[in-house]
Amino acid sequence: QVQLVESGGGLVQPGGSLRLSCAASGIIFRDYLLGWYRQAPGKQRELVARLTITGTTNYADSVKGRFTISRDNAKNTAYLQMNSLKPEDTAVYYCNAEHRIVARGYWGRGTQVTVSS
């Protein structure tokens, strides 16, 4: 059984920071590309950040320079550091793990991030 469990979401003021975590189990973590996605009310899910097994990163233009994706293979955990948060960052954030070779991927159930004063 594969599990991806997000944590670290919550309510934060504009300009504040949060660090999201994604704890994985049931997979060989180092063989998976990682991604963070988000979905705001009334909007489509969008890619926020992506991290390959070789360390290449990609970010949505809206978060570039503010968010950082990282991984700790020893802890089977992915992270999304979010700084300078804006109200438009409010969304449910989802962790995704995709196998580097075969068409196999997994999703967490999401964690709510609300940026409001």
Side-chain angles (χ1 to χ4, degrees):
Q1 56 282 349
V2 176
Q3 284 189 300
L4 300 177
V5 181
E6 300 95 337
S7 62
L11 176 64
V12 65
Q13 296 177 340
S17 298
L18 285 174
R19 188 182 72 162
L20 305 184
S21 298
C22 173
S25 61
I27 61 172
I28 302 176
F29 190 71
R30 65 180 182 273
D31 291 338
Y32 284 76
L33 294 80
L34 302 173
W36 286 95
Y37 296 75
R38 68 186 181 188
Q39 187 167 20
K43 296 184 178 180
Q44 291 186 312
R45 184 185 64 188
E46 65 172 339
L47 175 67
V48 176
R50 186 174 177 84
L51 177 64
T52 73
I53 60 173
T54 59
T56 301
T57 57
N58 298 100
Y59 297 94
D61 288 341
S62 60
V63 308
K64 195 171 299 181
R66 300 188 297 119
F67 290 13
T68 303
I69 186 172
S70 62
R71 67 193 298 160
D72 187 337
N73 288 339
K75 297 181 178 179
N76 286 359
T77 301
Y79 303 96
L80 184 68
Q81 179 67 46
M82 305 185 295
N83 299 325
S84 302
L85 283 161
K86 305 175 181 179
E88 50 263 45
D89 295 319
T90 296
V92 177
Y93 284 72
Y94 298 92
C95 177
N96 173 260
E98 186 175 314
H99 198 272
R100 62 177 177 172
I101 298 175
V102 302
R104 180 188 304 153
Y106 303 98
W107 291 90
R109 299 185 69 178
T111 185
Q112 176 71 48
V113 172
T114 302
V115 185
S116 176
S117 60

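We use all heavy atoms of the structure for the numbers below, so side chains are in, but hydrogens, waters and symmetry mates are not.
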Trainee: If I compare all heavy atoms of Ile69 with all of Leu34, which pair ends up nearest, and what's the gap?
Mentor: CD1-O, 4.0 Å

Trainee: Roughly how far apart are Asp89 CG and Ser62 OG, rounded to 0.5 Å?
Mentor: 7.0 Å

Trainee: Parallel, tilted or perpendicular, judged at 30° and 60°: which one describes the rings of His99 and Tyr32?
Mentor: perpendicular

Trainee: Are Tyr79 and Val48 connected, step by step, through hydrophobic side chains (Ile, Leu, Val, Met, Phe, Trp, Tyr) whose heavy atoms are closer than 4.5 Å?
Mentor: no

Trainee: Taking salt bridge (Lys or Arg N to Asp or Glu O under 4.0 Å) as the test, write out the residues that go with Asp72, two or more places apart.
Mentor: none

Trainee: Do Asp61 and Lys64 sit within salt-bridge range, that is, some charged N less than 4.0 Å from a carboxylate O?
Mentor: yes

Trainee: Would you give the length of the straight line joining atom CD of Gln81 to atom CZ of Arg66, rounded to the nearest 0.5 angstrom?
Mentor: 12.0 Å

Trainee: Got a sec, which hydrophobics cluster with Tyr37, joining ILVMFWY side chains under 4.5 Å apart, including via others?
Mentor: Leu47, Val92, Tyr94, Trp107

Trainee: Tyr59 versus Thr68: any side-chain heavy-atom pair under 4.5 Å?
Mentor: yes

Trainee: Thr90 and Gln112: side chain to side chain contact (heavy atoms under 4.5 Å, CB included), yes or no, with the steps?
Mentor: CA-CA 8 Å; Thr90 296; Gln112 176 71 48; 4.0 Å; yes

Trainee: Mind listing the side-chain donor-acceptor pairs of residues 2-10 below 3.5 Å, one per line with the distance, residues two or more places apart or on another chain?
Mentor:
from: Glu6; atom 1: OE1; to: Arg109; atom 2: N; distance (Å): 3.1
from: Glu6; atom 1: OE1; to: Gly110; atom 2: N; distance (Å): 2.9
from: Glu6; atom 1: OE2; to: Cys95; atom 2: N; distance (Å): 2.8
from: Glu6; atom 1: OE2; to: Gly110; atom 2: N; distance (Å): 3.3

Trainee: How many angstroms lie between atom CG of Leu51 and atom CZ of Arg71, to the nearest 0.5 angstrom?
Mentor: 5.5 Å

Trainee: Measure the spacing between CD1 of Ile27 and CD of Glu98 and express it to the nearest 0.5 Å.
Mentor: 11.5 Å

Trainee: Can you sort out the partners of Arg50 under side-chain hydrogen bond (donor to acceptor under 3.5 Å, both in side chains), two or more places apart, ordered by chain and number?
Mentor: none

Trainee: Distance check, rounded to the nearest 0.5 Å: Trp36 atom CH2 versus Asn96 atom CG?
Mentor: 10.5 Å

Trainee: Within a strict 4.5 Å, meaning less than it, do heavy atoms of the Met82 and Val113 side chains meet?
Mentor: yes

Trainee: Could you list the donor-acceptor pairs under 3.5 angstrom formed between side-chain atoms of residues 12-19 and any protein atom two or more places apart in sequence or on another chain?
Mentor:
from: Ser17; atom 1: OG; to: Asn83; atom 2: OD1; distance (Å): 2.9

Trainee: Could you tell me whether the side chains of Thr52 and Thr54 share a donor-acceptor contact shorter than 3.5 Å?
Mentor: yes

Trainee: State plainly whether the residues Glu46 and Arg38 are in salt-bridge range, i.e. N to O under 4.0 Å.
Mentor: yes

Trainee: By salt bridge (Lys or Arg N to Asp or Glu O under 4.0 Å), which residues pair with Lys75, not counting sequence neighbours?
Mentor: none

Trainee: Got Thr111 and Leu20 here, is their nearest side-chain heavy-atom distance under 4.5 Å?
Mentor: yes

